[in-house]
Amino acid sequence: MTHDPVVAEATRERDSLEARFVLADQEAHAAEVLDRYRGSSGKRPNVVFILFDDVGWGDFGCYGGGVAVGAPTPNIDRLARRGKLLTSCYSEPSCTPSRASLMTGRLPMRHGLLRPPMYGQPGGLAGELTLAQLLSDAGYATQAVGKWHMGENTESQPQNAGFDDFYGFLSVSDMYTEWRDPNFFPEIVYSEERTRWIENLPFNKCFVHASRGGEIENVEEVTVPVLSLLDDKWADYSLGFIRRMAPQPGEERTPWFLYHCTRGAHFDNYPHQRFLGSSPAKHPYKDTIVELDDIVGRLVTALEVTGQMEDTVVFVSSDNGPEMETWPDAAYSPFRCAKGSTWEGGQRVPGIVTWPGMIEADEATDGIVSLMDLFNTVLHLADAGDRVPVDRYVDGVDQTSFLLTPDGLSNRKYLYYWLTNVFSALRVGEWKFMVASTSDDDRDCLNLGGFTGVTQKYSHGRLYNLYLDPKESRSYMIRKLAYIDAFTSGIRDHLMSFGPYPPKQPIASMS
Ligand code: CA
């Protein structure tokens, strides 16, 4: 098949939907295998998202990490061999924007969660339509477990955003513990007044449970010892859900969506006692990676044992690149810079997707995928493609045909990078054209993170060839002017989409 993403035209189905490549042979193949799966009963697959926190592109063995960086990941590597391993899978630069984009299929500039709400700050998913809600409307059982972090206000809480049930915490790991740990906050821990002051801040210090439409119930206050048990407890909760959802003989099957978000490996890491010193690196971050790998193994085994693996799409990813401002409690990425930035290190994340018998095994692919694409793709797989909203702009593209075709090609032409409310860059094929980014300091690819740098705009833009120069160290623009029009027209069309669909900014940029 001849198809060059730089040259080929993407098709825009409607003004409010990101254009996508429609590759006739691939679309026909996907439709055929999906029809065969659905059969006369209209069977629909279950969906599991396992979303890690701040885990890097390079942490797993199947991405060149694993034993090489002191934390073997045999379960994740084994899972990757059963499906597609995505090498150009993109999140947004930090937790909340990524999670809300995945859940709404929309860029942060559209859903308004441009950065994480902290310590009870308002803002969240109000007015948004979530993947969970749309799947629920289509008859799916929906379960969220673990980290939420898309707003703590009532309407943003998971049980009011499409999930039947939620067991986890509403915010982010460090907020529960850092002020309790004398290693990080001695000036608070050893001061009664300051401790009381933090305790009185209006954020919930507990992990919680909630059922659809109900109130949040506190389960337990998240102290440091409690935090070390969370990933284990949450895994048990998801295992219970998987077992409960397995159909009994003669029973009609209800398709389900499990959104399992781990606590690890966000700083500060306190692995479960069982995993202390379990990695060759003997470091809390690496021990946590070993623990997370074990959890993936447990979840996959439960799918196998209950006979649901062939009816389940499993997706494993991370919500942003490594947090390097907390090194060495930090992930590994071979790319430039880190979380908070629009350099590749900030946004390129692992992406493993399996569906035995439906998605070709043992295939690595560099097709561009945004986590937002899962919104449209999962709805299509769930036979609910007509539920993609038409009254608002959707930035995700349907990647069903890419996933279901052996050696398939990505349906996405452009990847847009946003540095909170500043347009930063566009990728197409191997090229990345950057008009703004964080600090130009060479050290940022080693240690300093994206949040630390200053935002800078370039007078003429910079062009990086991500195949020749994955660390984005040398602008190639002056030799490649032939491409410039393709990039600038891609950017212009993208920015013009904000005319009829204006940005929403309830949580403003930190800058
Ligand atoms: Ca994160």
Side-chain angles (χ1 to χ4, degrees), residues 49-60 89-104 107-108 111 113-119 121 123-125 144-152 156 158 168-178 207 222 227 230-231 234 259-270 284-285 288-289 291-292 295 315-333 335 337-351 370-372 374 417-420 438 448-452 507 510:
F49 279 2
I50 302 174
L51 190 61
F52 297 127
D53 199 352
D54 290 11
V55 166
W57 189 97
D59 278 327
F60 307 147
C89 180
Y90 287 88
S91 66
E92 298 306 314
S94 68
C95 305
T96 302
S98 273
R99 288 161 196 263
S101 288
L102 183 162
M103 208 41 89
T104 62
L107 277 164
H111 58 63
L113 285 161
L114 294 174
R115 66 170 179 81
M118 300 301 287
Y119 291 97
Q121 286 174 333
L125 287 170
V145 175
K147 175 179 174 175
W148 181 247
H149 214 196
M150 285 182 268
E152 291 184 52
S156 301
F169 60 44
L170 291 171
S171 191
V172 53
S173 192
D174 55 307
M175 268 184 38
Y176 296 96
T177 53
E178 57 185 8
F207 83 94
V222 184
L227 185 104
L230 285 185
D231 270 323
W234 293 347
Y259 177 62
H260 183 97
C261 299
T262 62
R263 185 219 63 76
H266 194 287
F267 71 93
D268 301 291
N269 283 292
Y270 304 92
Y285 179 85
T288 300
I289 292 294
E291 181 177 358
L292 296 179
I295 287 169
F315 192 84
V316 179
S317 192
S318 179
D319 66 342
N320 48 251
E323 168 61 279
M324 292 307 279
E325 280 143 305
T326 56
W327 191 91
D329 193 341
Y332 166 62
S333 164
F335 301 113
C337 204
K339 176 178 176 180
S341 80
T342 51
W343 298 103
E344 292 297 285
Q347 291 190 235
R348 215 177 315 175
V349 290
S370 160
L371 292 184
M372 292 184 293
L374 297 170
Y417 304 69
W418 282 84
L419 200 51
T420 58
T438 45
L448 294 182
F451 289 124
T452 307
I507 291 196
M510 258 195 282

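Both ligands and their constituent atoms are indexed starting at 1 by order of listing.
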Among the N, O or S atoms that D54 has, which is closest to the Ca ion (ligand 1)?
OD1

Identity of the N, O or S atom of D53 lying closest to the Ca ion (ligand 1)
OD1

Metal-centred angle, OD2 of D319 through the Ca ion (ligand 1) to SG of C95, rounded to 10 degrees
90°

Output yes if N320 passes the N/O/S-under-3.0 Å test against the Ca ion (ligand 1); output no otherwise.
yes

Side chain of T288, backbone of P284: donor and acceptor closer than 3.5 Å?
yes

Atom CD of E178 and atom OG1 of T326: how far apart are they, to the nearest 0.5 Å?
11.0 Å

Mind checking whether Y176 and F207 have ring centres under 6.0 Å apart?
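No, the ring of Y176 stays outside the 6.0 Å limit from the ring of F207, centre to centre.
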
Residues R99, D53: salt bridge by 4.0 Å N-O rule:
yes

